[in-house]
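Okay, so here's the structure we're looking at.
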Amino acid sequence: MDKKIGFIGSGNMAQAIINGLIKSQISQPSQINVFDTDTSKAEALRKEVGTSIASSSKNVTENCDILIVAVKPQIIPIVLREIASSIKSYHVVVSIAAGVTLAQLAEYAGHQVKFVRVMPNTPAMVNSGMSSLTPNSLIEPNDLKDITTIFNSFGRSAVVPESQIHAVTGISGSAPAYVFMFIEALADAGVLGGIPRDQAYQFAAQAVMGSAQMVLKTGCHPAVLKDMVCSPGGTTIEAVKTLEEHGFRSTVMDAAISCMNKSRQMSEKIN
């Protein structure tokens with residue numbers, strides 16, 4: 001990609017994106033410019049991967065084609081109003097802030113700005129992220145192709161309408177936390193069964209990762225894959241029965257729905 005990419009914010013997600021871009025050779029470090037109010041973070045990133053440091057949010061905007069705003073939702077209005085006069089017609093501005101709508105982004109920076117709203121997740125930090133991409137009406141096919149290339153550099157991405165972003169938050173953006181809890185619970189059971197904790201985490205995490213890969217690579221329905229493990233009268237179907245008795249699936253659904261509702265509330269509160 002021959003585009004210059006700018007970042008406002010250099011937290012964990014920004015670092016994951018930058019590392020993905022560089023490792024996949026989509027961008028050279030010299031093409032990536034970073035501004036962070038915490039200058040020590042930007043400097044550490046420069047020393048680690050060779051990115052350039054911008055002197056201000058306006059400076060990074062003026063020296064890029066694609067701008068990724070990687071700050072907390074409550075900071076978005078401040079940042080976008082600050083750089084509004086520096087955004088040109090060729091810029092594509094990406095927001096990864098949860099709960100901030102396309103309409104709100106346009107209100108802060110201007111209604112003629114090309115915006116893409118993105119919901120990534122933390123597995124991006126190990127090149128296994130999943131990101132939803134939601135462009136506004138000004139985004140052209142080539143713009144969306146560039147953004148897709150960026151977010152595919154550290155995992156997968158899919159274009160979704162804005163009406164589905166709360167659902168994406170519930171089943172993908174926040175879901176790693178639920179999965180980590182599941183892995184922890186499995187490992188605790190392993191420890192109870194006599195397996196050393198480090199080894200229990202390894203068995204449990206690998207089982208989760210391998211199962212996820214089976215869903216993605218085989219294209220089979222999860223229920224079909226589950227049935228493949230459940231032998232008649234066997235140990236697995238006994239475990240499945242226990243999970244069903246305790247409302248495993250309905251509890252997971254309720255948790256995700258709670259997350260979606262919170263996401264909606266956040267959108268309403270951001271001004």
Side-chain angles (χ1 to χ4, degrees), residues 11-17 19-20 23 72-73 96 98-99 119-132 151-152 154-158 160 164-266:
N12 289 336
M13 194 57 65
Q15 291 179 38
I17 298 170
N19 286 327
K23 288 179 181 178
K72 294 185 181 301
I96 63 171
M119 172 55 65
N121 61 13
T122 56
M125 297 169 68
V126 290
N127 293 321
S128 295
M130 184 67 203
S131 305
S132 69
F151 284 87
N152 282 353
F154 53 86
R156 301 181 181 217
S157 67
V160 302
Q164 295 177 7
I165 286 186
H166 300 304
V168 169
T169 302
I171 70 164
S172 178
S174 298
Y178 327 152
V179 177
F180 296 143
M181 291 175 70
F182 180 58
I183 290 171
E184 184 181 30
L186 283 177
D188 282 347
V191 172
L192 187 63
I195 300 175
R197 182 162 293 279
D198 287 350
Q199 196 172 47
Y201 282 133
Q202 183 180 20
F203 273 109
Q206 184 66 34
V208 170
M209 183 176 72
S211 301
Q213 289 287 3
M214 286 183 72
V215 172
L216 293 173
K217 292 186 176 181
T218 66
C220 292
H221 192 288
V224 172
L225 297 173
K226 178 207 71 180
D227 290 349
M228 289 169 56
V229 191
C230 295
S231 302
T235 56
T236 306
I237 193 63
E238 191 69 29
V240 168
K241 174 178 175 290
T242 301
L243 290 172
E244 294 287 12
E245 288 174 347
H246 288 81
F248 177 72
R249 285 188 287 187
S250 62
T251 299
V252 172
M253 291 174 66
D254 286 346
I257 291 168
S258 295
C259 182
M260 295 175 202
N261 291 337
K262 182 65 174 181
S263 178
R264 290 188 185 93
Q265 292 171 15
M266 288 175 63

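Residue numbers count from 1 along this sequence.
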Which heavy atom in [X] sits nearest to a heavy atom in [Y], and how many Å separate them?
| X | Y | result |
| --- | --- | --- |
| Ala124 | Met13 | CB-SD, 3.9 Å |
| Asn127 | Gly20 | OD1-CA, 4.3 Å |
| Val160 | Ser132 | CG2-CB, 3.7 Å |
| Ser157 | Asn152 | OG-OD1, 2.7 Å |
| Ser131 | Phe154 | OG-CE1, 4.0 Å |
| Ala187 | Ala204 | N-CB, 4.2 Å |

Could you measure the distance from the [atom1] atom of [X] to the [atom2] atom of [Y]? Nearest 0.5 Å is fine.
| X | Y | atom1 | atom2 | result |
| --- | --- | --- | --- | --- |
| Thr242 | Ile237 | OG1 | CD1 | 10.0 Å |
| Lys241 | Glu245 | NZ | CD | 3.5 Å |
| Glu244 | Arg249 | CD | CZ | 4.0 Å |
| Ile165 | Met119 | CD1 | CE | 7.0 Å |
| Leu186 | Glu184 | CG | CD | 10.5 Å |
| Gln206 | Ile183 | CD | CD1 | 10.5 Å |

- Would you confirm whether Ser263, through its side chain, and Cys259, through its main-chain N or O, come within 3.5 Å as a donor-acceptor pair?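 The answer is no, because no donor-acceptor pair under 3.5 Å joins these two groups.
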
- Ser174 (side chain) donor-acceptor with Gly170 (main chain) under 3.5 angstrom: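 Flag not set: sc Ser174 to bb Gly170 has no pair under 3.5 Å.
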
- Just do the side-chain contact (heavy atoms from CB on, under 4.5 Å) check on Ile171 and Met260 with the steps written out, would you? CA-CA 9 Å; Ile171 70 164; Met260 295 175 202; 4.1 Å; yes

- Item | Heavy atoms from other residues, nucleotides or ligands near NZ of Lys72 exceed 12 (cutoff 6.0 Å) |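 No - once you tally the heavy atoms of other residues, nucleotides and ligands closer than 6.0 Å, there are 12 at most.
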
- Walk me through it: do Leu225 and Val215 pass the test side-chain contact (heavy atoms from CB on, under 4.5 Å)? CA-CA 8 Å; Leu225 297 173; Val215 172; 3.8 Å; yes

- Task: Would you check, one step at a time, whether the test side-chain contact (heavy atoms from CB on, under 4.5 Å) holds for Gln213 with Thr218?
- Result: CA-CA 8 Å; Gln213 289 287 3; Thr218 66; over 6 Å; no

- Message: Test side-chain contact (heavy atoms from CB on, under 4.5 Å) on Leu216 and Arg156; report intermediate values, then the result.
- Response: CA-CA 11 Å; Leu216 293 173; Arg156 301 181 181 217; 3.9 Å; yes

